[in-house]
Enquirer: 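Handing you a structure now.
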Amino acid sequence: MINFTDIEKTLNRLEREYNSCSDTQLSILYSKLAVLELCGWIETSIDTLLKEYIDDNICDDNNKKLINGIIDRNYGFKFKEHIFPMLCSVLGISNVENILDSIPDKDMQNLKTLLGNYAKIRDVAAHNNVVISTTPRYNAPSSVLHDYSLIKPAIQLMENKIKRIKVLYIT
């Protein structure tokens with residue numbers, strides 16, 4: 001089950017710390033941390049959702065190992081390049097089409113756009129240290145929290161639909 005509560009608490013705390021901070025460098029660190037926390041949550045949530053599906057629906061241990069390996073080797077969260085292929089590998093294209101068709105267009109577009117945007121931002125944040133004169137600026141925690149609220153509906157719908165998929169066992 002995806003944990004929506006902890007990420008919301010974390011982002012809200014980072015926003016409070018950011019707003020009460022008078023140190024420029026520390027403010028940048030709070031912003032950077034909010035970006036990294038959201039990105040980590042996205043990756044962990046999708047992985048958890050798919051691994052729970054595997055545990056609940058796949059019987060053969062060798063198949064579980066193979067498909068879990070696909071998930072474990074995925075280190076990104078751009079929709080087209082990472083999430084869609086992973087969903088298809090685990091759930092099958094027919095199930096993925098049904099799931100994606102159930103998500104309103106606006107929510108799906110928010111998900112795709114923001115995942116792409118945050119993949120780029122995360123790469124910069126993860127591979128740079130904070131030096132005031134040259135540090136890239138990151139979205140304020142309030143902006144990250146807002147973006148989270150835009151992707152949450154699509155992820156919630158995905159989770160609900162995936163939990164309802166029943167595997168037919170032919171004997």
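Atom set for the values below is all heavy atoms of this structure, side chains included, hydrogens, waters and symmetry mates excluded.
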Enquirer: When you measure from the side chain of H82 to the backbone of K78, do you find a donor-acceptor pair of N or O atoms at a distance under 3.5 Å?
Expert: yes

Enquirer: Please check if the side chain of T113 supplies one atom and the backbone of Q109 the other of a donor-acceptor pair under 3.5 Å.
Expert: yes

Enquirer: What class does the angle between the rings of W41 and Y148 fall in, given that below 30° is parallel, 30 to 60° is tilted and above 60° is perpendicular?
Expert: perpendicular

Enquirer: Just verifying a value: how many Å separate I83 CD1 and I46 CD1, rounded to the nearest 0.5 Å?
Expert: 4.5 Å

Enquirer: When you measure from the side chain of E159 to the backbone N and O of I2, does any donor-acceptor pair fall under 3.5 Å?
Expert: yes

Enquirer: Can you name the closest pair of heavy atoms from K64 and I58 and give their distance?
Expert: CE-O, 2.5 Å

Enquirer: Hey, could you give me the CD1/CG distance between I99 and N160, rounded to the nearest 0.5 Å?
Expert: 10.5 Å

Enquirer: Are any of the side-chain heavy atoms of Y118 and L36 separated by less than 4.5 Å?
Expert: no

Enquirer: To the nearest 0.5 Å, what is the distance between CD1 (I54) and CG (N68)?
Expert: 4.5 Å

Enquirer: Do D101 and N98 get their side chains close enough for a donor-acceptor pair, meaning under 3.5 Å?
Expert: no

Enquirer: Please name the pair of heavy atoms, one in C21 and one in L26, separated by the smallest distance, quoted to 0.1 Å.
Expert: SG-CB, 3.5 Å

Enquirer: For E43 and G76, which heavy atoms make the closest approach, and how far apart are they?
Expert: OE1-N, 3.8 Å

Enquirer: What's the shortest heavy-atom distance between I165 and L91, and which atoms?
Expert: CD1-CD2, 4.1 Å

Enquirer: Nearest 0.5 angstrom please: S89 OG to L50 CG, how far?
Expert: 9.5 Å

Enquirer: Check the hydrophobic clustering (I, L, V, M, F, W, Y; side-chain heavy atoms under 4.5 Å; chains of links allowed) and say if L66 and I93 are grouped together.
Expert: no

Enquirer: Quick test of your reading of the model: are E8 and K152 salt-bridged, counting only N-O distances below 4.0 Å?
Expert: yes

Enquirer: Evaluate Y53 against T48 for side chain to side chain contact (heavy atoms under 4.5 Å, CB included), listing each step before the verdict.
Expert: CA-CA 9 Å; Y53 173 84; T48 298; over 6 Å; no

Enquirer: Within a reach of under 6.0 Å around CG of D60, are more than 12 heavy atoms found that belong to other residues, nucleotides or ligands?
Expert: yes

Enquirer: Does any N or O in the side chain of K32 come within less than 3.5 Å of the main-chain N or O of A125, such that one atom is a donor and the other an acceptor?
Expert: yes

Enquirer: Assess the residue pair I67 and I70 against the criterion (side chain to side chain contact (heavy atoms under 4.5 Å, CB included)); give the C-alpha distance rounded to whole Å, side-chain angles, the decisive distance to 0.1 Å, and a yes or no.
Expert: CA-CA 5 Å; I67 202 72; I70 291 170; 3.7 Å; yes

Enquirer: I'd like to know if K51 and D72 make a salt bridge, using a cut-off of under 4.0 Å between side-chain N and carboxylate O.
Expert: yes

Enquirer: Would you say N95 and I162 make side-chain contact, with heavy atoms under 4.5 Å?
Expert: no

Enquirer: Got a donor-acceptor contact below 3.5 angstrom from the R13 side chain to the K9 backbone?
Expert: no

Enquirer: Does any non-hydrogen side-chain atom of M86 lie less than 4.5 Å from one of D47?
Expert: yes

Enquirer: Could you go step by step and tell me if V144 and L14 meet the side chain to side chain contact (heavy atoms under 4.5 Å, CB included) rule?
Expert: CA-CA 10 Å; V144 175; L14 289 169; over 6 Å; no

Enquirer: Please name the pair of heavy atoms, one in N110 and one in I151, separated by the smallest distance, quoted to 0.1 Å.
Expert: O-CG2, 4.0 Å

Enquirer: Under a 4.5 Å cut-off applied to non-hydrogen side-chain atoms, are M158 and L87 in contact?
Expert: yes

Enquirer: So which atom in S102 and which in L157 form the shortest heavy-atom distance, rounded to 0.1 Å?
Expert: O-CD1, 4.2 Å

Enquirer: For the residue pair L33 and Y138, establish whether any side-chain heavy-atom pair is separated by less than 4.5 Å.
Expert: no

Enquirer: Hey, what do you get for CG (N12) to CD1 (I7), rounding to the nearest 0.5 Å?
Expert: 10.0 Å

Enquirer: Measure from the side-chain N and O atoms of D107 to the backbone N and O of I103, and report whether any donor-acceptor pair falls under 3.5 Å.
Expert: no

Enquirer: Do L11 and E15 have side chains that get closer than 4.5 Å, going by heavy atoms?
Expert: no

Enquirer: Could you tell me the separation between the CZ atom of F77 and the CZ atom of R122, rounded to the nearest 0.5 Å?
Expert: 4.5 Å

Enquirer: Assess the residue pair S31 and N139 against the criterion (side chain to side chain contact (heavy atoms under 4.5 Å, CB included)); give the C-alpha distance rounded to whole Å, side-chain angles, the decisive distance to 0.1 Å, and a yes or no.
Expert: CA-CA 6 Å; S31 295; N139 296 345; over 6 Å; no

